[in-house]
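Step one of this worksheet: look at the structure below.
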Amino acid sequence: MNATWNDVDISAYVDGQLDPATQSRFETDLATDPTLRQRVDAVREVVTLMRSVPLREPPRNYLLTPAMVAQSVKRVAPRRPPLLMMRLATSLAALAFVVTVGLNLMRQGISPMAMVMEQQQPTVETQEVVVVTQQVELLSAAPTEMAVEMAAPAPAEEQSMKKSLAPAETQSVEKYVEAETPRAELVAQPTPIPAIQVPEAEAGASSAEDGITVEAERVMQPTATLLPAGTPVANDAYAETDIQQPTEAPGALTYGLTSEPQKPVRKSAVSPWGISGILGIVTLCLAGVTYYLSRRR
Amino acid sequence: MAITPPWDEQALVQSAQRGNLEAFNALILHYQTQVYNLALHLLGDAAAADDAAQEAFISAYKALAKFRGGSFRAWLLRIVSNACYDEMRRHKRHPTTSWDDFGDMDDEANPHLTDGGPLPEQTLQQYELRALLERALAKLPEDQRMTLLLVDQFGFSYQEVAETMHVRLGTVKSRLARARLAMQSLLQEEGELLPGRYRLNSETET
């Protein structure tokens, strides 16, 4: 029966913390159970021992003076407004930092592909430029033969071009462009553009990567020289080549161009970087404000 | 003919809440021994306990408007324990068992609080016993040590302990029971060091 009394009950009994009914049952068991009585006595001895020991005296009195109280009160009051301002400035600085980094990452992330994609948009009317551009893209990652095959674009008007290319590995780009585009006569004329001479590159390259590189470089040249004549410039690379090779292939320029002369639209390289720079400066300014406020009491 | 006013804690607290520093100092004098001892047992360092006690009283005075009744000493010692835990966190301080380092701390005790008379044999035995108990207490977990101090040394009720430690009554009971059991074992281990008249009967019987 006394097994129901645990140490918590015994401790509470010693302190008189059991409710009357429980205490009555406890005392009934206590009268008949020597083991329970022994456990109770053991707890009582510890309590007695603890209570018999005097507390240590403090080394001094801790009385407060008006100066101590005033000092402590004065310290608290003016801290709040700067603290709020610091939090606000810190939050703004963090936000500006995130936006800046995000813009930079976005720009870096899309820049390689964006160059190719943006080339396609302004030259929709000039199919030869599209073909050359896609070739550049594919040749940079695949062997020359595959690049020629895969260079055939998905649009329906270029399907025939792919067919004409398939049997003859060394067929020139001019030929299949000529076969399927209404402006074939323009491309078929002898031009000083070496890049469109794909067989040359293939012959030199066959399976070697160097050849692919050469071809890619050559393919890029006409693309670059084609643009200055009035094709809308999609990005910085074209803008630069526009300046560097203005007269290198004047004849070729007219071939690839549409009849609509357009002003070269320079996509501003300043705007994203400008925003990033401004936000960076704002971040620095806010960090400076935070530092200044943190130094203030 | 100075007339000592009767101890009216509630009136002193209310007066202190109205900005009467003298009333608060009267409360300080009444509770500073408990405050200091709790800090000493939690921090295990006399200098740190001294600082913590002073800081706790300043904090208590500043926060006096937040006291909404109940046990004032429970509220006060809660501030003390919080100050001690802050101190532990700040200095990564852990309670040590170096109670021997204190020696006879009463030599440095406040002269205004001690009579300075010769120490009778009984008092010496009490000091020996206290040193032994303090070493044993230091081996207990913090929550059990604090519960045991509050109940068995400061005379707190279970409810006051619950308010001080911000726990439920059941938790107070179980912690206290475990602490007493542990102390019983610890004291039995060092039974021969106990002054004869303080030796546990349970030890002599077994």
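In what follows, chains carry the letters A, B, and so on, assigned in the order in which the sequence lines appear, proteins first and then strands, with residues in each chain numbered from 1.
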Distance-only donor-acceptor check, side chains B/N25 and A/Y62, under 3.5 Å: no
When rounded to the nearest 0.5 Å, the distance separating CG of B/L187 from CG of A/L49 is 6.0 Å
query: Taking the side chain from B/R130 and the backbone from A/P54, do they hold a donor-acceptor pair closer than 3.5 Å?
result: yes
The interface call for A/T65 against chain B, heavy-atom contacts under 4.5 Å, is backbone
If you tally heavy-atom pairs under 4.5 Å between each of A/L64, A/I10, A/V8 and chain B, the highest tally belongs to A/L64
So with a 6.0 Å cut-off around CZ of B/F67, is the heavy-atom count from everything else above 12?
-> yes
message: I want to check something: taking the side chain as every heavy atom from C-beta on, are A/P58 and B/D50 in contact at a cut-off of under 4.5 Å?
response: no
The interface call for B/L176 against chain A, heavy-atom contacts under 4.5 Å, is both
Applying side chain to side chain contact (heavy atoms under 4.5 Å, CB included) to B/Q153 and A/R51, what does each step give before you reach the verdict?
CA-CA 5 Å; B/Q153 288 213 298; A/R51 288 178 180 167; over 6 Å; no
Note: vs chain A, highest number of non-hydrogen pairs under 4.5 angstrom among B/I28, B/D152, B/L27, B/L181 is B/D152
Go through the side-chain N and O atoms of A/R60 and B/Q54 and say whether any donor and acceptor fall under 3.5 Å apart.
-> yes
When every non-hydrogen atom of B/Y158 is compared with those of A/A12, the smallest separation belongs to OH-CA, 3.7 Å
CE (A/M68) and OH (B/Y61) are apart, to the nearest 0.5 Å, by 11.5 Å
message: Main chain of A/S11, side chain of B/R180: is a donor-acceptor contact present, judged purely on distance under 3.5 Å?
response: yes
message = What I want to find out is whether B/K173 reaches A/D7 closely enough, with some N-O distance under 4.0 Å, to be called a salt bridge.
response = no
- prompt: So, does B/N37 use its side chain to make a donor-acceptor pair with the main chain of A/L55 at under 3.5 Å?
  reply: no
Interatomic distance, CZ@A/R56 vs CG@B/L40, rounded to 0.5 Å, equals 6.5 Å
Taken to the nearest 0.5 Å, the spacing of B/Y36 OH from A/N61 CG works out to 13.0 Å
The interface call for B/V35 against chain A, heavy-atom contacts under 4.5 Å, is neither
Does the pair B/I58 and A/V69 meet the rule for a side chain to side chain contact (heavy atoms under 4.5 Å, CB included), with working shown? CA-CA 7 Å; B/I58 293 172; A/V69 175; over 6 Å; no
